[in-house]
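Below is one structure, written out as structure tokens; comments come after it.
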Protein chains: 2
Amino acid sequence: MDDMAETISEALPRDFEALRALILDRRQSLPKRIAQVAAYALDNPDEIAFGTAASIATSAGVQPSTLIRFAQHLGYDGFTSLQQVFRERLRERTTSYEERLTVVRGDADEGTSNRRIVDGFLAAASKSLDVMSRNLDDDTLDRAIDILNGAETIYILARRRSYPVASYIAYALGKLGVRSQLIESASGLSPEIISFASSRDAVIAISFSPYASATVEEARILSANNVPVIAITDSAFSPLAQFAKVWFEVAEADFGGFRSLAATMALAMGLTVGVAELRRGRKGKKSANSKG
Amino acid sequence: MDDMAETISEALPRDFEALRALILDRRQSLPKRIAQVAAYALDNPDEIAFGTAASIATSAGVQPSTLIRFAQHLGYDGFTSLQQVFRERLRERTTSYEERLTVVRGDADEGTSNRRIVDGFLAAASKSLDVMSRNLDDDTLDRAIDILNGAETIYILARRRSYPVASYIAYALGKLGVRSQLIESASGLSPEIISFASSRDAVIAISFSPYASATVEEARILSANNVPVIAITDSAFSPLAQFAKVWFEVAEADFGGFRSLAATMALAMGLTVGVAELRRGRKGKKSANSKG
DNA sequence: AATAAAATGAACCGTATGTTCCATTTTAGC
DNA sequence: GCTAAAATGGAACATACGGTTCATTTTATT
């Protein structure tokens, strides 16, 4: 086993991301059973963190000794050392807002009541993002963006609580050079604007219960005129869903009776930028990312 | 030990929150050393989850046997059972968006590129909420809400990217019965509306770099007329900051060149509902919360 | 202050754990 | 197709773990 020491001169990963990179790098050169463990480890990191060698081996369909060999292949001196990395990963995750809201020693309030209100909205937003991330269907998203990509003009339909989202979409589409038309009640020109839309266009309609009657009615008219409707709503029973060619179910958490808009906003931006990327012919495929 | 069984007839906690509640409930009646362990457990849940009885005991300054007694006092049949609850807590935390963005098996994309875009916006939103949660100052928040509470009319000032936030604030204030006036360019009446504002009113001005000149100019005028300005902006060097009586620095993460609005939205809602709560005379202090 | 009861500390024990070892099978090289 | 090397399965092993026990100390009661 000592002959191995020299081949592994690089420092072995202490954090999960580095370990993952190492595993993916060597994946091709790993023996079958070891590779099997490697795949299982990346797919079930929590199991590795908490399980015993025996239980993990059973789940992964290998012998316990293979786990030790896997760890040693990577340069660790044993399964336990490797397991530490998987445990660190769970340790590092910052506490959630939900937790921050309730984890208060004793009954004394931490922070002012105003702070608690903001924390509540932060928690609601965070939760909404979480749910969206879990529930969003890739195929639905692709179909929606495909439809929008084919549209000459993208009409945006939303009132009241959904209106901020619509105005943001309109702003973003404008910046990205995509022709769009925001339909609002203030101008009183909604009927005229709607009558211009044809099957070569598309509509993004946003409405949540209680659904704004104007939005529903206009979506119905547009749909009847063969204008494809992309709906963002909160239920399969939403009136918007029946008029829509593609529809998204977004479950926003609420605080104090006010629902978050965080997930809807993120989806809206995804649709917007997705269309723009597609129209750019996927040339500059990788856009900037502020991670880190 | 059997006489204990009857006193603990309530189901023992399977999730961390319930366990925490139980511990806090009995805190007063626990023996000294046991209480010492209880405090340690709530302060260092990660240690309990991963450590061994021996290592935890050393860290907490007690004997290993005390840990088992602590668990049994709560009704668990041993330390291991109690530890499971602390481990579940870590398991339940869903993987972060950041992680999902990078955790891709091999080099092949998981999900479509459209999905990756939405994930990017979700991650940006999530990160923004995180930063807001860490950086928001309780005192600044209290002062802002106090000013808004004293205002007869709350004017809301925002253009372009910030406009959706403003429209949401206007909508929420309206629903909460607080008089407000959204200042927008479309109507072309901005100057007239602004001239109505007095020192008995207040302004919420929102602008991020590159600052909309209209917003800056109007904030300057309002400030000169002794109308207190609450600014939501992105830097201490923002032109808005100098006109403001109270100002918030909000650092929104961006993806693909589009900054998130999640944190700004949460703060906006906090201000809005905070004022409404204050005006309700703090009667119904605790507002509904959708947690769970 | 004396006594009973509870709590605590520390040694002890059975077990389940990670690890090693070796026989067997599979793969690679000629 | 034969041989050497690597990989694998499975049992055996040393140990570190959680739990128990009991003597001692502390607390409560009278």
Side-chain angles (χ1 to χ4, degrees), chain A residues 1-8 12 23 26-41 44 46-88, chain B residues 1-8 12 19 23 26-41 44 47-88:
Chain A
M1 291 289 150
D2 291 40
D3 57 325
M4 193 176 255
E6 30 123 358
T7 67
I8 316 278
L12 49 149
I23 291 174
R26 300 213 186 154
R27 192 167 42 153
Q28 305 301 341
S29 66
L30 291 177
K32 196 169 61 178
R33 287 268 112 109
I34 306 278
Q36 187 177 330
V37 173
Y40 181 86
N44 310 75
D46 288 10
E47 282 303 314
I48 307 285
F50 291 118
T52 67
S55 72
I56 296 166
T58 305
S59 297
V62 298
Q63 291 290 329
S65 48
T66 307
L67 288 182
I68 285 102
R69 292 194 187 105
F70 169 61
Q72 290 171 342
H73 259 265
L74 295 173
Y76 297 89
D77 61 342
F79 170 72
T80 309
S81 317
L82 177 73
Q83 194 176 36
Q84 291 310 316
V85 179
F86 284 82
R87 295 188 164 184
E88 266 312 309
Chain B
M1 290 289 151
D2 290 40
D3 56 326
M4 194 176 254
E6 31 123 357
T7 67
I8 317 278
L12 49 149
L19 172 59
I23 291 174
R26 301 210 187 156
R27 193 165 39 153
Q28 305 301 341
S29 65
L30 291 177
K32 195 169 61 178
R33 286 267 112 110
I34 307 276
Q36 187 176 331
V37 172
Y40 181 87
N44 310 74
E47 283 301 314
I48 307 284
F50 290 120
T52 66
S55 71
I56 296 166
T58 304
S59 297
V62 298
Q63 291 290 328
S65 50
T66 308
L67 288 182
I68 285 110
R69 291 194 186 107
F70 169 59
Q72 290 172 341
H73 258 266
L74 294 173
Y76 296 90
D77 60 343
F79 170 71
T80 308
S81 316
L82 176 73
Q83 194 176 36
Q84 291 308 316
V85 179
F86 283 81
R87 294 189 163 183
E88 268 312 310

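Here is the naming used below: chain letters follow the sequence lines, and residue numbers restart at 1 for every chain.
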Checklist entry - What heavy-atom pair brings L30(B) and A38(B) nearest, and what distance separates the two atoms? => result CD1-CB, 4.0 Å
Checklist outcome for this item: Atom CD of Q83(B) and atom C1' of dG19(D) are separated, to the nearest Å, by 14 Å
Checklist entry - What is the distance, rounded to the nearest whole Å, between atom CD of Q84(B) and atom P of dG18(D)? => result 12 Å
Next on the checklist: How close do Q72(A) and D77(A) get, counting heavy atoms only, and between which atoms?
Outcome noted: NE2-O, 3.9 Å
Checklist entry - How many Å lie between CG on L67(A) and P on dT19(C), as a whole number? => result 10 Å
Checklist entry - Over how many whole Å does the gap from F79(A) atom CZ to dA16(D) atom P extend? => result 17 Å
Checklist entry - Between F79(A) and F70(A), is the ring centre distance below 6.0 Å? => result no
Checklist entry - Side-chain donor-acceptor pair under 3.5 Å between R87(B) and Q84(B), yes or no? => result no
Checklist entry - Checking side-chain contact (heavy atoms from CB on, under 4.5 Å) for the pair F50(B)/F86(B): CA distance, chi angles, key distance, verdict? => result CA-CA 9 Å; F50(B) 290 120; F86(B) 283 81; over 6 Å; no
Checklist entry - Expressed in angstrom and rounded to an integer, what is the separation of I68(A) atom CD1 from dT8(D) atom P? => result 14 Å
Checklist outcome for this item: When rounded to whole Å, the CD to P distance for the pair Q72(B) and dG18(D) reads 14 Å
Checklist entry - I56(B) has an atom CD1; how far is it from atom C1' of dA16(D), in whole Å? => result 15 Å
Item to check | Q36(A) CD - dT8(D) P separation (whole Å) | outcome: 9 Å
Could you list all N or O pairs between the protein and nucleotides 7-13 of chain C that sit under 3.5 Å apart?
from	atom 1	to	atom 2	distance (Å)
dT8(C)	OP1	K32(B)	N	3.3
dT8(C)	OP1	R33(B)	N	2.7
dG9(C)	OP1	R33(B)	NH1	2.3
dG9(C)	O6	R69(B)	NH2	2.5
dA10(C)	OP2	Q63(B)	NE2	2.5
dA10(C)	N6	S65(B)	OG	3.3

Item to check | Residue pair V85(B), E88(B): steps toward the side-chain contact (heavy atoms from CB on, under 4.5 Å) verdict | outcome: CA-CA 5 Å; V85(B) 179; E88(B) 268 312 310; 5.7 Å; no
